[in-house]
Every structure is written in C-alpha cells, then in structure tokens.
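Have a look at the structure below, then the notes.
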Amino acid sequence: MRYSKLLIPTLKESPADAEVVSHKLMVRAGMIRQLAAGIYSVLPLGLRVLKKVETIIREEMNKIGGQEVFLPSIQPAELWQESKRWDFYGKELLRLKDRHDREFCYGPTHEEVITDIIRKEIKSYRQLPAILYQIQTKFRDEVRPRFGIMRGREFLMKDAYSFHADEADTQKTYEQMAQAYSNVFTRCGLEFKQVQADSGTIGGSFSHEFAVLADSGEDEIGFCEKCSYASNVELAESRPESNTTPSDGEEELKQVLTPGKKSVEEVSGFLGLSDKQIVKTILLENENGLVAGLVRGDHEINTVKLKNLIGCEWLLPAAEKTIQEKLGLPCGYIGPVNLDIPVYADQEVSQLKNFVTGANKADTHFTGVQFQRDLKITQSGDLRRILPGDPCPKCKDGEYQVKRGIEVGHIFILGTKYSEAMKAHYLDSHGKENLMIMGCYGIGVGRTAAASVEQNHDEKGMVWPLSLAPFEAVIIPVNFKKDDLKNACESIYNQLIDMGVDVLLDDRQDRLGVKLKDADLIGIPLQIIVGPKNLEEGNIEIKVRKTQESRLHPYPEGIKDIPNILKGL
RNA sequence: CGGGACGUGGCGCAGUCUGGUUAGCGUACUUGACUGGGGGUCAAGUGGUCGGAGGUUCAAAUCCUCUCGUCCCGACCA
C-alpha cells in the first residue's frame, strides 16, 4: 500500500478524553475514532490490526475443528425469555422494538441463538461434538465504558460454542480450546496467564480466564511464583492461618464507648489493640434481603466468594439508606451480636477469641466477643480476599503475587444450563433422548489488540509484534522528489510485495522527520530508509522499530534478505 | 445510580469569574517560494450556529433556567 492513498490521520497530541496508553496511541496513530461513549469507528490502519488478530484466531479455531458461522446481531426477545435471561440480564442488554412493536435485543452474547440452531438441526449423537464460532460485533450497555476500544459498549468478539454428548467429551474440547487460546495469545506476542476464574451462577468448576499482564488492567490476578497456581483474585483461595490463638480465658462481653471511632484503624488505635482483634461487619444485599459478612480487621471481604457460599443470584454492598430503613442501625457501629439477619463468617474469624465488634449502637463497640458464645453464625468459610504475600494454598511454600491483568479471553463449561432451558436434545446410540452438554468460549478481538499496545509501546509510540502489525515493513525515502531515490523505493516496494511482505511505501512529499515520527508512532516493525548518500554507496538502511537499531544493507542484493530479517524479529 | 469536571474551526487550548471592537493562540489543512537524514522557514489563505433550546439585557461564548453530550471518581473496609 502507498501511504499517500491511505487514510492514516495521525495526531501530534493525545486526545483529551483518553486515559490509558492504548487508547491514546490508537487515536493518535489514526486507528480509531470515537463516535459515542464506548462506540468507536475503526479506520484502515486499525482494521488491519484487527484482521490480523482475527486471522490468528480463525487458524487456531479451525485447527481444533471449529466451524465458522455468522449469527444475527439483533435477536428476538422470545429466545431470551425462554432462557430466562430477558429478565435476568438487566440494563446491559440493549432492548429495542421493531415497527410491529415486537421486542428484540442487540446480542451481548449468542448462547440462545446458537442453541436454537443446534436444537433444530442436530438430532443424533453421531453429529456431536459440534464446535461453532463466529467473529462478530457485540453490544453490552456497560454502566461505565472506558479505556477506548478496551472496554467499549460495542466491540468485536470471537465467540465459540460447543455441544457434546457427554462430559468427558466436553472436557476434551475444553482443554483443546484452552490450548488454542494459549496459541492465539502466544502468537499475538502477549505475556499472559491462564487463570482459574469465577464461573458465576453457571456452575461447575471449569472456567478459565486469559489475562494479559498490564498495569492498566481491571482484573486482579493472583498467582504463585513456585507452582503453577493462578487464579482471579475474586476466586483465589486463602490458606487458613495455622497460628493457634493463645488460650487465654474468655473475657466477658463488655460495651465500651468509642465516640466517633468508626473505621478499624480508629477503633484499634483507640482501644490499643491490633487490627487482628477487630472483626468487621459488612452488610450486603441480595435477592432475599440483607446479609452480613464478617472478616478480621486486617482483611477484606471477597463478595464473589460470599456470593458463592450463600448460593444467591446476586450480591451487592448494601446502601446506607437500606441499612437505615431495614435495620435502623448506625453505620460504623454495626456488629454481629444479636444481629437479626443471616451472618456469614470468614474462617479466620472463627479462630479468634476476645475480639471487638460494633455494638449496633452509636459510638459503642463490644469487647470480649466470643465466636461460639456470642454469635449466631449462618455459615463459615473462606470469605476473604487474598493479599500479596499470602501463602499459596496449593504448593504450601510459595507466596501469592498479585498483578493486574486485562481479560482477553474466557472459557466456560456451561453444562446443561441452556440445553435444558431451551430443550436441546439428541438421541444417543440406544435411541434415548439426552440433553446436550455445552461449553462457551470468548475472545475480545479489539481488546487483544489494545492489550498488545499496553504491553508493547515506548515514548515514541506503539511497537507491534510482527504478527499483529498493520504492516510488516515501511519504506521511507529521505526525499521522494529525487528520481533515483524514488525509483529505488519503487523497486524495493515491488520486490517486497513479490516476496509476500506486507509493506507500506511512504510516498508522501513530507520531510524525513515527519515520516520517521509517523513510522515510530504507528509501530511498524521494520523501517527501510533510503537516502541519497547511502544509495550512492550501494546501501540502504534497515532499522528495527523496537530497538531503534539501524544497519546498512547492500542495495540491491540485500533486498532478498528482508523476509529473513522479519522472521528474526 | 451517587459525586465531580468539561463542551469555543480536524486536534490541543485561551477568553467566561468582572457582558461591550471584526472570537484568539498553537497545530493541522490549501497555495507559493526556499529547504531536504528526526514533526523546517517565510509569505498568503481556507475553515467557527462558541453543544442545543429558552430567558435577562441596548448588547451574551460570557449572566439565569432547562436540556443534550463527553470524561473522571465512587458504588466492600460499616
């Protein structure tokens, strides 16, 4: 391609509304433009990158027997009502009506549509397993879209669904899919981790997330340096502390005045105790009303773990208003003693003796609280967030590390959730009807590209890996007016195209500096600079974007080495 | 959903508090000349319903009301 014929509107300054590097750079490089909150247009250069990600995904999906389909983005409400998600999905589901007033939604995901096809078209175990995938635009009306293409409302996603006759087969495909995902992200040149993730209400222990390590990530990943254990912090198990509490006598329950002391630090400081002797009572709300979670003062509650322990549909922090209305208790002084709602305690809390809690009375706390004697606990379990430095629950001598990550892929075993709700049956070899078992697997295409920028950039701009770069090489004439330079560039350009190199010819009339700045900004891996002095001496300059290292190569003989240089990057 | 900020040529901003020439700067864009190895110089230009609606006033980018849009923070530490 010729630069002069391409729409690559690069900018010198970052847009004022961009926060993260990938957003800033993708706008500056003329790859994307915002149309509305969380909705972006993709320009030619950006599309080239997305297409490269797509190609890698297609190759890996096809390799494990995936068949590509293309499903509608607008879906009838009936299908969603059948799966019960019409009511359940909430405001993230963008609903619309057609001219006949029929209800539709813009698909945020496609379990319903694909299950509808499969239940109609597949009847026999002989046709299973079936693995179908598509690369298509999704819309999720996020509360708060941000970070450009990384968390948009409209975004490009590869979603795959698999249908199976039995669990072993599902498991097999799940593992192949995990491997395929691993291959995709490796080929995209990303540093990532495959981590256990929360499977939510879907059930089953099989869900893994693929997280690209980056400070701008919204996920927290906990992993062990010594063994292979890695999981989303939401899910990471905490290993019970083995230190036995001193066997002091049990103190009496005593009310103490703690005027104005609400936070753990304030209370512990005021009473001259360690944070570990305080128990925090956190009020949350789910579909059945308020619940309380107890964790030690130096710990934090993990609501995902609590939600899983309770087995409720949803769980959110209770609003102060709700607490006032339903319990009439003063925030800051709430405690589990005589608290008339379900109380769930972290396992560490059950080990404590003589601890402090709120007394459900303004400016008052209890001291000498005993777990067994004073509290009515609905259930105890692992409820706390892991912290960096916590012991690994798996290998016993490693420590947790916590890093931020961008979720670029997620795979699930769905079981029969959808096949049951939507009656997707098949006949087995005995002629008996069975429910199909399903898996679903997603990759954020744009997010993968953005994650790559987050991981690979410098002060000059983006540094694409060869596999995702919009072009593999760019030819930069120092002066495009001089015929000998121009002819040499045209010749190199044609030869590289013939050799199958994805090459860009910067045929603009601008000065060298402009071209080099742009080449660095858009991050093309190899720059071929053709200047008058070098050319006279029979040389061209080949510069690597990433390292900024530059070497002279003989011209014209050296042209044929370029594909090899690219391979070596 | 709660809180905060912002909206002025394509992009980045000043002007708004304290109303008053023809709305300004940088950059980009067009034309010409010079220049030609890291966003060059000079000259002449193009481009603006100051987000929108209503109001106050002799006079509104500026004051008031409403509205739309965009961004940020928060929505577990009781």
Side-chain angles (χ1 to χ4, degrees), chain A residues 7 9-20 23-24 27-28 30 33-39 90-91 143-148 234 258 261-268 275 278-285 290-307 315-324 327 329-336 339 346 356-362 365 383-385 387 460-461 476-482 485 508-521 527 529-535 540-541 543 548 550:
Chain A
L7 178 63
T10 56
L11 300 173
K12 285 186 179 176
E13 282 170 293
S14 296
D17 52 12
E19 197 70 9
V20 295
H23 186 192
K24 288 180 185 168
V27 174
R28 280 192 58 203
R33 286 293 184 265
Q34 185 178 44
L35 184 64
I39 301 178
K91 287 192 174 176
V143 195
R144 194 172 160 208
R146 56 180 148 179
F147 302 159
E234 287 179 345
T258 51
K261 310 293 177 195
K262 291 187 175 188
S263 71
V264 168
E265 296 73 40
E266 285 166 357
V267 174
S268 61
D275 287 355
I278 315 282
V279 167
K280 293 196 278 200
T281 307
I282 294 121
L283 293 185
L284 304 115
E285 199 178 356
L290 289 173
V291 300
L294 304 183
V295 290
R296 221 168 62 187
D298 58 328
H299 290 158
E300 288 181 19
I301 196 160
N302 177 329
T303 50
V304 173
K305 286 183 183 175
L306 179 56
K307 178 167 159 272
L315 185 70
L316 288 169
E320 219 170 303
K321 269 186 212 157
T322 318
I323 299 174
Q324 289 297 332
L327 295 175
L329 295 177
C331 284
Y333 303 96
I334 293 171
L339 191 62
D346 180 55
V356 175
T357 72
N360 296 326
K361 201 164 139 189
H365 279 78
L383 293 182
R384 74 177 188 89
R385 281 178 76 88
L387 298 167
K460 289 169 187 272
I476 302 174
V478 165
N479 180 340
F480 207 64
K481 277 183 183 166
K482 292 190 177 157
L485 286 187
R508 293 176 298 172
Q509 298 294 340
D510 295 84
R511 294 167 69 100
L512 179 70
V514 175
K515 297 181 188 181
L516 289 173
K517 289 282 184 196
D518 278 339
D520 284 341
L521 175 62
Q527 302 172 358
I529 303 162
V530 184
K533 280 177 210 144
N534 286 331
L535 196 64
I540 53 172
E541 184 183 336
K543 187 171 170 187
Q548 297 281 307
S550 151

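Letters go in sequence order (proteins before strands), and every chain restarts at 1. Because only heavy atoms are used, hydrogens play no part in the values below, and waters and symmetry mates are left out as well, while side chains stay in. Note that the structure is predicted; figures quoted are calculated from it, not measured.
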(request) Take atom P in B:rA5 and the same atom in B:rA14, then report the distance between them in whole Å. (result) 16 Å
(request) Determine the Euclidean distance between corresponding C1' atoms of B:rC29 and B:rG69; express it in Å to zero decimal places. (result) 27 Å
(request) Measure the distance from CG on A:Asp17 to C1' on B:rU70 and round it to the nearest whole Å. (result) 7 Å
(message) Using a heavy-atom cut-off of 4.0 Å across all strands, would you classify A:Gln527 as base, sugar-phosphate, or nothing?
(response) nothing
(message) Measuring only the C1' atom in each nucleotide, how far is B:rC58 from B:rG2? A whole number of Å is fine.
(response) 44 Å
(message) Output the rounded distance in Å from CD (A:Gln509) to P (B:rU35).
(response) 16 Å
(request) For A:Ile282, report the nucleic acid contact type (base, sugar-phosphate, nothing); a contact means any heavy atom under 4.0 Å. (result) base
(message) Counting only side-chain heavy atoms from C-beta out, which of B:rC71, B:rG40, B:rG39 sits nearest to A:Arg28?
(response) B:rG39
(request) Indicate yes or no: at least one non-hydrogen side-chain atom of A:Arg296 is less than 4.5 angstrom from one of A:Ile278. (result) no
(request) Select one nucleotide: of B:rA78, B:rG39, B:rG37, the one nearest the side-chain heavy atoms of A:Leu283. (result) B:rA78
(message) Tell me every residue that passes side-chain hydrogen bond (donor to acceptor under 3.5 Å, both in side chains) with A:Arg511, counting only those two or more places apart in sequence or in another chain.
(response) none
(message) So A:Lys361 and A:Tyr333, do their side chains get closer than 4.5 Å, heavy atoms only?
(response) no
(request) Look through every strand shown and name the nucleotide pairing with B:rG69 as Watson-Crick or G-U wobble, where both distances are under 3.5 Å. (result) B:rC6
(request) Please work out if A:Gly358 contacts a base, only the sugar-phosphate, or nothing of the nucleic acid, heavy-atom cut-off 4.0 Å. (result) nothing
(request) Determine whether A:Asp346 and A:Ile301 make a side-chain contact, defined as any pair of heavy atoms from C-beta on separated by less than 4.5 Å. (result) no
(request) With a 3.5 angstrom cut-off on both distances, give the Watson-Crick or G-U wobble partner of B:rU57, or none if there isn't one. (result) none
(request) Measure from the side-chain heavy atoms of A:Asp518 and tell me the nearest of B:rG37, B:rG39, B:rU70. (result) B:rG39
(message) Nearest heavy atom decides the nucleotide; on that basis, is A:His299 or A:Lys482 closer to the 5' end of RNA chain B?
(response) A:Lys482
(message) Closest approach to the side chain of A:Val143, judged atom by atom: which nucleotide of B:rA75, B:rG36, B:rG37 is it?
(response) B:rA75
(request) For A:Arg385, enumerate each residue passing the side chain to side chain contact (heavy atoms under 4.5 Å, CB included) test, keeping only those at least two apart in sequence or located in another chain. (result) A:Glu220, A:Val233, A:Glu300, A:Asn302
(message) Measure CZ/A:Arg508 against C1'/B:rG40 and give the value in whole Å, please.
(response) 15 Å
(request) For B:rG39 versus B:rA53, give the span between their P atoms, rounded off to a whole number of Å. (result) 44 Å
(request) Indicate, with a heavy-atom threshold strictly under 4.0 Å, whether A:Val478 touches base, sugar-phosphate, or nothing. (result) base
(message) Let's see if you can work this out: which of B:rC13, B:rG39, B:rC11 has an atom nearest to the side-chain heavy atoms of A:Leu11?
(response) B:rC11
(request) Name the closest nucleotide to the A:Thr10 side chain, picking from B:rG37, B:rG39, B:rC72. (result) B:rG39
(message) Contact between A:Leu516 and A:Ile529 at the side-chain level, heavy atoms closer than 4.5 Å - yes or no?
(response) yes
(request) Can you tell me, in whole Å, how much space there is between the C1' of B:rA28 and that of B:rG48? (result) 15 Å
(request) Check every strand shown and say whether A:Ala36 touches a base, only sugar-phosphate, or nothing at a heavy-atom separation below 4.0 Å. (result) sugar-phosphate
(message) Both distances below 3.5 Å, Watson-Crick or wobble geometry, any strand: find the nucleotide opposite B:rC1.
(response) B:rG74
(message) Please report the distance separating the P of B:rG15 from the corresponding atom of B:rU62, rounded so that it comes out in whole Å.
(response) 15 Å
(request) Flag the pair A:Pro15 / A:Gln34 as yes when at least one side-chain heavy-atom distance between them is below 4.5 Å, and no otherwise. (result) no
(message) Check this for me: does the side-chain of A:Lys481 come within 3.5 Å of the base of B:rG36 through a donor and an acceptor?
(response) yes
(request) For B:rU18, give its Watson-Crick or G-U wobble partner with both distances under 3.5 Å, or none. (result) none
(message) Using the side-chain heavy atoms of A:Lys12, tell me which of these nucleotides is nearest: B:rG37, B:rU70, B:rG40.
(response) B:rG40
(message) Distance check, C1' atoms only: B:rU35 and B:rA43, in whole angstrom units.
(response) 15 Å
(message) Contact between A:Val478 and A:Pro532 at the side-chain level, heavy atoms closer than 4.5 Å - yes or no?
(response) yes
(message) Taking the minimum atom-to-atom distance to the side chain of A:Pro15, which one of B:rC71, B:rG39, B:rG12 wins?
(response) B:rG12
(request) Ignoring hydrogens and angles, answer whether the base of B:rG39 and the side-chain atoms of A:Asp510 contain a donor-acceptor pair closer than 3.5 Å. (result) no
(request) Name the closest nucleotide to the A:Glu19 side chain, picking from B:rC72, B:rA75, B:rG37. (result) B:rC72
(message) When the C1' atoms of B:rG74 and B:rG19 are compared, how many Å lie between them, rounded to an integer?
(response) 38 Å
(message) Partner lookup for B:rG45, please. Criteria are Watson-Crick or G-U wobble with both distances under 3.5 angstrom; report none if nothing qualifies.
(response) B:rC29
(message) At 4.0 Å (heavy atoms only), tell me whether A:Thr281 reaches a base, stays on the sugar-phosphate, or touches nothing.
(response) base
(request) Remember a base hit wins even if backbone is also touched, and classify A:Arg385 as base, sugar-phosphate or nothing at under 4.0 Å, heavy atoms. (result) base
(request) Return the nearest nucleotide to the side chain of A:Glu13; candidates are B:rU35, B:rC11, B:rG37. (result) B:rC11
(message) Nearest heavy atom decides the nucleotide; on that basis, is A:Ala16 or A:Phe480 closer to the 5' end of RNA chain B?
(response) A:Ala16
